[in-house]
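Just below is one structure, and these are the notes that go with it.
Each ligand, and each atom within it, is numbered from 1 in the order the structure gives. In this text, all values refer to a predicted model and were calculated from it rather than measured experimentally.
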Amino acid sequence: MPQLRPAVTRRHAPNHASMNGESSSSAAKKAGAASDAPPGYELPWVEKYRPRFLDEIVGNSETVERLKIIAKDGNMPHVIISGMPGIGKTTSILCLAHELLGSAYKEAVLELNASDERGIDVVRNRIKGFAQKKVTLPPGRQKIVILDEADSMTGGAQQALRRTMEIYSSTTRFAFACNQSNKIIEPLQSRCAILRYARLTDQQLLKRLMEICEAEKVQYSDEGLAALIFSAEGDMRQAVNNLQSTVAGFGFVNGDNVFKVVDSPHPVAVQAMIKACYDGRIDQALETLRELWYLGSPSIYGSVAEWMWGRLLTAGMRDKGYSAVDLISTMFRVTKTIDTISEHSKLEFIKEIGFTHMRVLEGVGTHLQLQGCIARLCRINMRKPT
Ligand SMILES: Nc1ncnc2c1ncn2[C@@H]1O[C@H](COP(=O)(O)OP(=O)(O)OP(=O)(O)O)[C@@H](O)[C@H]1O
């Protein structure tokens, strides 16, 4: 992952488009921007830059190659695409359907997602009705039923699909997108080709973000892009949404602005805390923790009144108030990326942070819990007294 560098290289995204004599709209097209929005209406960038062709999909290249072959040859099998949110599963299915069906898309595709009713009645009526419908298609092409977020369909509705998928398979194919393929019942899984999408790498996110920055003429720093990538954790939708929110809120994408938008602890502060633990500087580590936690909970003060006083007196000074879950998960992610800690200590740190994370999730998300974690991290590298 690109390291968060304290030195900020301020720059304006070079407008290669205009340098090459291209307009910014053609740069946007290069980044895959959809151009059918009415003038003056700004689409969310995740929609504006949703890939329209399989070629434009970033990452998971082997799986996307398989889809391209299907798009070329036709005769699409029933497919399940599974993976974490925001990595291009739905987009891939939509691109595939467009490439297979072209202008017949509107007539020959039935798209249902979690916002539609998808109980057993919909399977019996709408899906069956669509499967029975006659549509003239090029040879070797079938109608497509796209079931997005299929893992939230009821068991009964999934059971009801079994026969429909078989009876109408000569004219209708099914494409499921889901986060967890194990939530799709076994009989459906066995009827489908299962494709798994992995989370996107930092380089893949970076490349796409830079393309969008160029198309939108966004002002950014390297540190800002690294912060977007860090907070997105491989989720392209999150990265693009956070980019747009930061631009809308601040006009300039740097680390501080991004972390304000995503409202998570600044990794540079958390990194300093972890390094202090590694060096055995417990007072400093606890002080950083206090700054991040401070005023997060009245429990560290004698009474709520005292806590309110504390808030008033120190308002604007150290009002971070991050929750235990935010802090412990950032500690985990930051520890993974610190290069200056030996591999052995890193593993020990991650183990300790993992145990604390578990306790926090069990309900004990107190300041004391995190202080205990810091103390144990400091102990890892301490030499035993001789
Ligand atoms: N691989 C990718 N390449 C380019 N853009 C992507 C990719 N993945 C996601 N995006 C961007 O994120 C948006 C959401 O992607 P998509 O709907 O395909 O996610 P998903 O994997 O189906 O997520 P969910 O599981 O939440 O439905 C797209 O409109 C696009 O802008």
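Salt-bridge check for Arg290 with Glu287: passed, with a basic side-chain N closer than 4.0 Å to an acidic carboxylate O.
In terms of polar-atom proximity, defined here as any N/O pair under 3.5 Å, Gly88 does make such a contact with ligand 1. The N/O atoms of Lys89, backbone and side chain alike, include one that comes under 3.5 Å of an N/O atom in ligand 1. By the 3.5 Å distance cut-off applied to N or O atoms, Trp45 is not counted among the residues near ligand 1. Distances between N or O atoms of Met236 and those of ligand 1 include no value under 3.5 Å. The distance criterion of under 3.5 Å between nitrogen or oxygen atoms is met by Val46 with respect to ligand 1. Residue Arg237 has at least one nitrogen or oxygen atom sitting less than 3.5 Å from a nitrogen or oxygen atom of ligand 1, judged on distance alone.
Formation of a donor-acceptor pair under 3.5 Å by the Glu233 side chain with backbone atoms of Arg333 is not found in this model.
Nearest non-hydrogen protein atom to atom 1 (N) of ligand 1 is Val58 O, 2.8 Å. The shortest contact between atom 22 (O) of ligand 1 and any protein heavy atom is with Thr90 OG1, 2.5 Å. Taking atom 16 (P) of ligand 1 as the reference point, the nearest protein heavy-atom neighbour is Thr91 OG1, 3.4 Å.
From Cys373, atom SG reaches atom CZ of Phe349 across 9.0 Å, with rounding to the nearest 0.5 Å.
With no hydrogens or angles considered, no side-chain donor-acceptor pair links Ser345 and Glu348 at under 3.5 Å. Asn254 and Ser221 share no donor-acceptor pair across their side chains, judged by distance under 3.5 Å alone.
At a heavy-atom cutoff of 4.0 Å, ligand 1 is contacted by the side chain of Asn179 but not by its backbone. The side chain of Glu149, and not its backbone, has at least one atom closer than 4.0 Å to an atom of ligand 1 (non-hydrogen atoms only; side chain from C-beta on).
Applying the side chain to side chain donor-acceptor pair (under 3.5 Å) test to residues at least two apart or on different chains, none of the pairs has a partner in residues 239-249.
At least one cation-pi condition fails for Lys128 and Tyr168: the charged atom is not both under 6.0 angstrom from the six-membered ring centre and inside a 45 degree cone around its axis.
By the 30° and 60° cut-offs, the orientation of the rings of His266 relative to Phe259 is tilted. A perpendicular orientation is assigned to the rings of Tyr49 and Trp45, their planes being inclined by more than 60° (bins at 30° and 60°).
Atom 8 (N) of ligand 1 has its nearest heavy-atom neighbour, among Ile87, Val64, Val240, in Ile87.
Note on ligand 1: Gly86 sits in its first shell, one or more heavy atoms being nearer than 4.0 Å. Using 4.0 Å as the threshold, Pro51 has a heavy atom nearer than that to some atom of ligand 1.
Within ligand 1, counting atoms from 1 as listed, the ones closer than 4.0 Å to a heavy atom of Tyr49 are 31 (O).
When hydrophobic side chains of Ile, Leu, Val, Met, Phe, Trp and Tyr are connected at separations under 4.5 Å, Val360 ends up clustered with Val325, Leu361.
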